[in-house]
Amino acid sequence: MTAERKREAREKFLIGGIVVRAGLSKADRAFLFGGLLELARIVPGSLEHQRLRDLGEEAFRAAFLDAGQERTEWH
């Protein structure tokens with residue numbers, strides 16, 4: 001497996017984990033895809049983009065704090 005394929009596989013795995021954390025693992029695929037298409041229309045840096053990013057960061061922090069860990073950066 002090439003380095004690029006490994007990177008892509010890891011990225012897909014991480015995105016799948018986000019879907020599970022959001023409680024959407026049993027959601028209809030068309031529903032999920034439609035939601036992601038709507039998110040893709042949000043202008044980066046806009047107030048809505050920042051609001052959703054803040055919401056996500058807060059949820060990640062809460063999940064780690066609940067697990068007894070103190071990691072706050074997700075990149």
Side-chain angles (χ1 to χ4, degrees):
M1 184 180 279
T2 67
E4 179 64 17
R5 286 186 64 198
K6 285 182 182 180
R7 187 196 62 74
E8 287 177 5
R10 177 166 171 68
E11 186 174 314
K12 290 175 185 177
F13 177 80
L14 292 173
I15 291 169
I18 290 170
V19 170
V20 170
R21 279 187 184 222
L24 296 170
S25 62
K26 299 204 185 304
D28 178 86
R29 291 185 322 159
F31 168 76
L32 285 174
F33 193 46
L36 291 171
L37 291 171
E38 285 294 312
L39 287 172
R41 294 180 182 168
I42 296 173
V43 177
S46 68
L47 291 175
E48 182 65 0
H49 182 270
Q50 189 60 48
R51 183 187 74 80
L52 292 171
R53 191 175 195 298
D54 291 346
L55 184 65
E57 284 185 354
E58 182 180 321
F60 276 130
R61 276 195 301 274
F64 270 118
L65 292 176
D66 288 345
Q69 299 180 18
E70 294 184 13
R71 182 174 177 185
T72 59
E73 182 122 4
W74 283 80
H75 297 288

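Residues take their numbers from the sequence shown, with the count starting at 1.
Its side chain outside the 4.5 Å cluster rule for every partner, Leu55 clusters with none of the Ile, Leu, Val, Met, Phe, Trp and Tyr residues. Other cluster members for Leu39: Leu36, Ile42, Leu52, joined by side-chain heavy-atom distances under 4.5 Å among Ile, Leu, Val, Met, Phe, Trp and Tyr.
Within 6.0 Å of atom CG in Leu37, more than 12 heavy atoms from other residues, nucleotides or ligands are found, so the atom counts as buried in its surroundings. Annotation for Arg7: atom CZ counts as buried by contact number, over 12 foreign heavy atoms lying within 6.0 Å.
Shortest non-hydrogen contact noted between His49 and Gly45 is ND1-N, 3.4 Å.
Between Glu8 and Glu11, the closest side-chain pair of non-hydrogen atoms is not below 4.5 Å.
Both Phe31 and Val19 sit in one connected hydrophobic cluster of ILVMFWY residues. Membership requires side-chain heavy atoms under 4.5 Å apart, directly or through other members.
Ion pairing between a basic and an acidic side chain is recognised when a charged N comes within 4.0 Å of a carboxylate O; Glu58 and Arg61 show no such pairing.
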